[in-house]
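Here is the structure we will look at, set down as structure tokens.
These figures come from a predicted structure and were not determined experimentally. Chain letters run A, B, ... following the sequence lines, proteins first and then strands; every chain starts at 1.
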There are 2 protein chains.
Amino acid sequence: MDATSAPATIEELLDRILALSDGLPKRLKQCADYVTANPDRVAVSTVAEMAEAAGVQPSAFMRFCQVLGFSGYSQMQRLFRNAYTQHWPDYATRLEKLRQSSGGSSSALLAEFIEAGRLSLENLAKTIDPQTFDAAIRTLSRAKMVHIAGMRRAFSVASYLAYAFEKMGVPCMLHDSVGNLDSRRAIRKDDAVIAITFTPYSSETVELAEAGRRAGAGVVAITDSLAGPLRPVTPLLLTVQEADFGNFRSLSATLSLSMALAVAVGMAVKKRRNGIS
Amino acid sequence: MDATSAPATIEELLDRILALSDGLPKRLKQCADYVTANPDRVAVSTVAEMAEAAGVQPSAFMRFCQVLGFSGYSQMQRLFRNAYTQHWPDYATRLEKLRQSSGGSSSALLAEFIEAGRLSLENLAKTIDPQTFDAAIRTLSRAKMVHIAGMRRAFSVASYLAYAFEKMGVPCMLHDSVGNLDSRRAIRKDDAVIAITFTPYSSETVELAEAGRRAGAGVVAITDSLAGPLRPVTPLLLTVQEADFGNFRSLSATLSLSMALAVAVGMAVKKRRNGIS
DNA sequence: ACTTTCATGGAAGATATGTTCCATATTTGG
DNA sequence: CCAAATATGGAACATATCTTCCATGAAAGT
């Protein structure tokens, strides 16, 4: 018989999962992963639901509970049900609560940023022009190499794009100013440049885009205004209006756009390769 | 027969309770009062428990549910459970479908990413624990220097944090692997580390957080699981579940959280300085 | 290659929970 | 004060859910 007794708190439970999870059989590991990633669902789900979500049989999930020291799923669930009260089911109400939470203004701040993000996303869905988006994808997917430029706040977007392109197998180069190297010369005729900049526009980014244009490369811009400094450089302007909150722009919309762009380009590149070969 | 159909949302339900409650028999009114006062309990309690808490018999509570238009307690409970359980759509298969439908319009792809972002934000609002958030802010604002660690996809978050801290006048250092320098030694006792990593966790980030802990620095983690490798390192875990879309995490929630964190810390630091001076 | 041990999936059995029914109590209207 | 209508409590019934068991399949060690 297992001498280990049941965990008394969720922390204990998570500690125990962490301690055991390396030496666990495949299916039980699946359970462990799912529970640690979605601990909140335990309170409101049946074993059958949990098992399905974790991709195992109910009986496997039962074994998982027992390995942890519980008599069964019910006992484990009791732990989560008792600790449940904090989370409030409805988004609107919950947000309202965050905003008003008297414990300090920090939660209210978070609520504002969340709302700003949501507004930005909604706005993006409404304002994006599918034709420009498609054209941008075509341009980027034809390029031998994609150069990515973004400074300051746009740098996080640029670095994400680099990550995503890399993951999708699209050759790319992230231009940063480490060591103050001037890498403009690296852009060639059959490359493409993707420039990201917002007011106040960063001159380095604009210059890189211009260099790309001079070299005959395709240029795609992600920016916040149709009339910005990138307008003369390229017609492929993807504009994103982000809701800002006290000088901090949400970036949610910009990042979603970037992800979609990266994935679409990656898919197009793959299709092109298969088509040619 | 009651022509009224079951409420479809929790708001509707509460509205209906409010509308009916004046003309309700004594026991049913007790039920109404208890439910409006503790709506969160419905998702995790049995009828018997609810009835006892409301001071009535289970059968009375059943009648209450039926007066509201539900077939019984289960149906009403389903409302609360569904509202709580975030059912992320199955993005993996959706992406596959998009890929296969050769016409696969890129706008549809973008729409999916926007939707993923929106869901992530809503989920963040529902699951964030204000107390942990506040504690994280306190820890970071007391630090002489904030060290930021994040690799791969988390790097864009890290770089944004660095930008925001910089802008708020908080001394910070972004740890990247440029030149493969080992910068762990730079962490001192009265510093703090903010480590960002998601499954599959990056060992460099975890190591940096551990180094911080050993040095006696405060450690704050932004991650996706309560039981990840950062759990043994610090209790200050800010967990964010992002909707995945074909292996691409939305990051909207993570970034909103990061912005709020940066601004709150910046404000706290300024207050501290003014208080001391 | 064989045996032993362990993990797995499915289905059958046990239990808890939801639901209904009806006799009794309470209220309402004459 | 009486009769009709309605509300109430408790127990019986039905169902969903948990839990266990065992035959099968996979892995590890000899």
Side-chain angles (χ1 to χ4, degrees), chain A residues 1-2 4-7 13 17 20-35 38-39 41-82 84, chain B residues 1-2 4-7 13 17 20-35 38-82 84-85:
Chain A
M1 151 134 195
D2 228 338
T4 57
S5 59
L13 168 61
I17 292 181
L20 294 176
S21 66
D22 283 332
L24 239 39
K26 194 173 153 201
R27 290 291 119 100
L28 266 45
K29 181 100 178 54
Q30 281 176 254
C31 298
D33 288 345
Y34 185 77
V35 168
N38 313 71
R41 292 212 190 173
V42 179
V44 294
S45 304
T46 65
V47 243
E49 287 164 349
M50 291 296 288
E52 195 193 334
V56 304
Q57 291 286 329
S59 52
F61 207 95
M62 285 302 302
R63 283 196 294 275
F64 172 68
C65 297
Q66 286 160 352
V67 163
L68 258 35
F70 296 105
S71 68
Y73 182 71
S74 300
Q75 200 183 63
M76 173 168 139
Q77 192 178 49
R78 194 148 37 233
L79 206 65
F80 286 86
R81 302 249 247 229
N82 290 338
Y84 167 83
Chain B
M1 157 140 190
D2 228 341
T4 57
S5 60
L13 168 62
I17 291 182
L20 294 176
S21 66
D22 284 333
L24 240 38
K26 195 173 153 198
R27 290 291 120 104
L28 266 45
K29 180 109 181 42
Q30 283 176 251
C31 297
D33 290 345
Y34 184 76
V35 169
N38 314 67
D40 51 321
R41 292 272 100 195
V42 178
V44 295
S45 305
T46 65
V47 241
E49 287 163 352
M50 289 298 287
E52 194 192 337
V56 304
Q57 289 286 331
S59 53
F61 206 94
M62 285 302 302
R63 283 197 295 276
F64 173 68
C65 296
Q66 286 161 352
V67 164
L68 258 33
F70 295 105
S71 68
Y73 181 71
S74 299
Q75 200 181 78
M76 173 167 139
Q77 192 178 50
R78 192 150 38 234
L79 202 67
F80 285 85
R81 289 191 171 172
N82 287 341
Y84 180 77
T85 305

Minimum heavy-atom separation for [X] and [Y], please, with both atom names.
X	Y	value
A/Phe80	A/Val42	CD1-CG1, 3.5 Å
B/Cys31	B/Phe64	CB-CG, 3.5 Å
B/Cys65	B/Met76	SG-SD, 3.8 Å

Difference in axis direction between the ends of the helix from C/dA1-D/dT30 to C/dG30-D/dC1, five pairs, 10°: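 Rounded to the nearest 10 degrees, the bend comes out at 30°.
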A/Asn82 side, atom CG; A/Gln77 side, atom CD - distance, nearest 0.5 Å: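 Interatomic distance, A/Asn82 CG to A/Gln77 CD, rounded to 0.5 Å: 10.5 Å.
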Separation of A/Arg78 CZ from A/Ser74 OG (nearest 0.5 Å):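 So the OG of A/Ser74 and the CZ of A/Arg78 are separated by 6.5 Å.
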side-chain contact (heavy atoms from CB on, under 4.5 Å) between A/Leu24 and A/Ile17, worked out: CA-CA 10 Å; A/Leu24 239 39; A/Ile17 292 181; over 6 Å; no
Selection: residues 58-65 of chain B, any non-hydrogen atom under 4.0 Å of DNA chain C: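 Those residues whose heavy atoms fall under 4.0 Å from DNA chain C, taken from residues 58-65 of chain B in numerical order, are B/Ser59, B/Met62.
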Nucleotide interval of DNA chain D bounded by contacts with chain A (heavy-atom cut-off, under 4.0 Å):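 Range of nucleotides within reach of chain A: D/dT17 to D/dT20.
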Listing, residues 44-58 of chain A side-chain donor-acceptor contacts under 3.5 Å, not counting sequence neighbours, or none:
| unit_1 | atom_1 | unit_2 | atom_2 | d |
| --- | --- | --- | --- | --- |
| A/Ser45 | OG | A/Arg41 | O | 2.9 |
| A/Thr46 | OG1 | A/Glu49 | N | 3.2 |
| A/Glu49 | OE1 | A/Thr46 | N | 2.9 |

Partner residues of A/Tyr73 under the ring pair (Phe, Tyr, Trp, His ring centres under 6.0 Å) criterion, sequence neighbours left out: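 Applying ring pair (Phe, Tyr, Trp, His ring centres under 6.0 Å) to A/Tyr73 gives A/Phe61.
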Along DNA chain C, first and last positions that approach a heavy atom of chain A under 4.0 Å: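 In short, chain A contacts DNA chain C from C/dA7 to C/dG10.
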Residues in side-chain contact (heavy atoms from CB on, under 4.5 Å) contact with A/Leu79, at least two apart in sequence or another chain: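 So A/Leu79 forms a side-chain contact (heavy atoms from CB on, under 4.5 Å) with A/Ile10, A/Leu13, A/Phe70.
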Side chain to side chain donor-acceptor pair (under 3.5 Å) contacts touching residues 22-35 of chain B (sequence neighbours left out):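 Matches after skipping sequence neighbours: B/Arg27-B/Gln30, B/Lys29-B/Asp33.
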Nucleic acid contacts of residues 47-57 of chain B, taken as heavy-atom distances under 4.0 Å to DNA chain D: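 Output list: B/Gln57.
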